[in-house]
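Written out below as structure tokens is the structure these notes cover.
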Amino acid sequence: MTAPYPNQTLPARGPVAMFGLIAAESAIFTIFVVAYIFYIGKSQTGPQPKDVLEAPIFFSICLLSSSLTIHRAVEALRKGRSMSFNAWWGSTILLGAIFLLGTASEWHRLIYNYGLTISTNLFGTTYYSLVGLHGFHVVVGLIGLITVMAFALLGKVKPEHAPRAYVLSLYWHFVDIVWVVVFTVVYVIGR
């Protein structure tokens with residue numbers, strides 16, 4: 001694509017598109033976060049957040065650490081170090097999967113030990129909606145990461161694909177940043 005003016009270059013389409021997606025997704029998350037904050041303490045029936053929530057510190061550390069591993073993976077790919085890329089990319093997948101297992105175990109505990117479902121009360125509705133929205137984004141990110149890993153294991157991911165890996169890493173960083181907000185709202189402010 002040529003620039004409309006001489007000596008002007010346009011930004012790469014991939015990152016621009018991803019930043020557009022991130023902006024739209026940020027608006028959606030903002031709505032869910034505001035709803036959660038608005039309804040804190042308004043449930044007439046239990047259980048309440050302070051009674052059932054335990055901060056998932058270990059699982060949060062796993063997810064946040066995955067931002068470092070995906071960054072290292074993209075850098076390794078740029079330098080043509082495919083084995084290093086595979087190791088870092090695989091570590092990112094593992095850390096994301098561990099986080100999802102943590103979310104699943106928390107939900108199992110809340111449902112079976114405390115009877116908290118999405119229809120129990122306002123807390124249940126807003127909690128499962130917000131944390132579930134984030135979990136959905138983690139699943140989408142993992143599908144993308146696993147797809148790239150499959151191609152990498154087949155030897156199809158080369159240094160020239162680093163800009164595309166970078167675009168996917170932007171999405172993963174977004175998922176991690178959103179978790180910081182969700183964690184703060186749900187497990188710190190909301191308790």
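Computation of the quantities below employed the complete heavy-atom set of this structure, encompassing side-chain atoms and omitting hydrogens, waters and symmetry-equivalent molecules.
- Two residues are said to be in side-chain contact when any heavy atoms from C-beta on lie closer than 4.5 Å; Asp51 and Phe123 fail this criterion.
- Legend: side chain to side chain donor-acceptor pair (under 3.5 Å) pairs involving residues 158-178, not counting sequence neighbours, sorted by first then second residue: Ser66-Trp172, Ser66-Asp176, Ser67-His173, Ser67-Asp176.
- Here the CD1-OG distance, from Ile118 to Ser129, works out to 4.0 Å after rounding to the nearest 0.5 Å.
- In this structure, the separation between CZ on Phe32 and CD1 on Ile37 is 14.0 Å, given to the nearest 0.5 Å.
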Using the rule given for side chain to side chain contact (heavy atoms under 4.5 Å, CB included), can you reason through Phe183 versus Ile57, listing the C-alpha separation, both sets of side-chain angles and the distance that settles it, and then say yes or no?
CA-CA 9 Å; Phe183 182 91; Ile57 303 294; 3.8 Å; yes

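- Side-chain contact between Ser43 and Tyr39 is absent, with no heavy atoms from C-beta onward closer than 4.5 Å.
- Scanning both residues, Ala152 and Phe85, for their nearest heavy atoms gives CB-CE2, 3.8 Å.
- By the ring-ring contact (aromatic ring centres under 6.0 Å, His included) test, Tyr112 is found to be paired with His108, residues two or more places apart in sequence or in another chain being considered.
- When all heavy atoms of Ser60 and Pro56 are compared, the closest pair comes out as OG-O, 2.7 Å.
- Under the 4.5 Å side-chain heavy-atom criterion for ILVMFWY residues, a single connected hydrophobic cluster contains both Ile61 and Leu94.
- Inter-residue side-chain proximity for Glu54 and Glu106 is flagged as unmet; no heavy-atom pair is nearer than 4.5 Å.
- Cluster annotation: Tyr114 is connected to Val186 through the hydrophobic network of ILVMFWY side chains, with a link wherever side-chain heavy atoms come within less than 4.5 Å.
- Trp107 and Val182 fall within a single hydrophobic cluster, where Ile, Leu, Val, Met, Phe, Trp and Tyr side chains are chained together by heavy-atom contacts under 4.5 Å.
- Note that CD of Gln48 is 10.5 Å distant from CG of Leu53, once rounded to the nearest 0.5 Å.
- Note on Ile111: it clusters hydrophobically with Phe59, by side-chain heavy-atom contacts below 4.5 Å among ILVMFWY residues.
- Neither side chain, Ser91 nor Thr69, offers a donor N or O lying under 3.5 Å from an acceptor on the other.
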Would you give me the side-chain donor-acceptor pairs under 3.5 Å for residues 137-150, sequence neighbours excluded?
{"unit_1": "His137", "atom_1": "ND1", "unit_2": "Leu133", "atom_2": "O", "d": "2.8"}
{"unit_1": "His137", "atom_1": "NE2", "unit_2": "Glu25", "atom_2": "OE1", "d": "2.4"}
{"unit_1": "Thr147", "atom_1": "OG1", "unit_2": "Ile143", "atom_2": "O", "d": "2.7"}

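- More than 12 heavy atoms of other shown residues, nucleotides or ligands fall within 6.0 angstrom of atom NZ in Lys42.
- In the hydrophobic cluster analysis, where Ile, Leu, Val, Met, Phe, Trp and Tyr join through side-chain heavy atoms closer than 4.5 angstrom, Phe174 is grouped apart from Leu68.
- Partners of Phe99 by ring-ring contact (aromatic ring centres under 6.0 Å, His included), not counting sequence neighbours, listed by chain and number: His134, Trp179.
- With a 6.0 Å radius and a threshold of 12 heavy atoms from other residues, nucleotides or ligands, Tyr187 has its OH atom above the threshold.
- Note that SG of Cys62 and CG of Leu101 are 10.0 Å apart. Values are rounded to the nearest 0.5 Å.
- Contact annotation: the side chain of Val181 never approaches that of Phe29 to less than 4.5 Å [non-hydrogen atoms, C-beta and beyond].
- Inter-residue side-chain proximity for Leu170 and Pro15 is flagged as met; some heavy-atom pair is nearer than 4.5 Å.
- Here CG of Leu100 is found 11.5 Å from CG of Leu95. Values are rounded to the nearest 0.5 Å.
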Evaluate side chain to side chain contact (heavy atoms under 4.5 Å, CB included) for Val74 paired with Trp88, printing each intermediate quantity in order.
CA-CA 9 Å; Val74 172; Trp88 287 114; over 6 Å; no

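- Residues Tyr128 and Leu110 have side chains in contact (heavy-atom distance under 4.5 Å, counting atoms from C-beta outward).
- Considering every non-hydrogen atom in both Pro47 and Val52, the closest pair reads CB-CG1, 3.5 Å.
- Nearest heavy-atom pair across Gly80 and Pro159 is CA-CG, 3.5 Å.
- Thr30 has its side chain within reach of Val34: a pair of non-hydrogen atoms, C-beta onward, lies under 4.5 Å apart.
- With sequence neighbours excluded, the residues that form a salt bridge (charged side-chain N to carboxylate O under 4.0 Å, His left out) with Arg78 are Glu75.
- Contact annotation: the side chain of Pro11 never approaches that of Phe19 to less than 4.5 Å [non-hydrogen atoms, C-beta and beyond].
- Once rounded to the nearest 0.5 Å, the distance linking CD1 of Ile93 with CD1 of Ile98 reads 12.0 Å.
- Contacts of Thr120 classified as side-chain hydrogen bond (donor to acceptor under 3.5 Å, both in side chains), with partners at least two apart in sequence or in another chain: Thr117.
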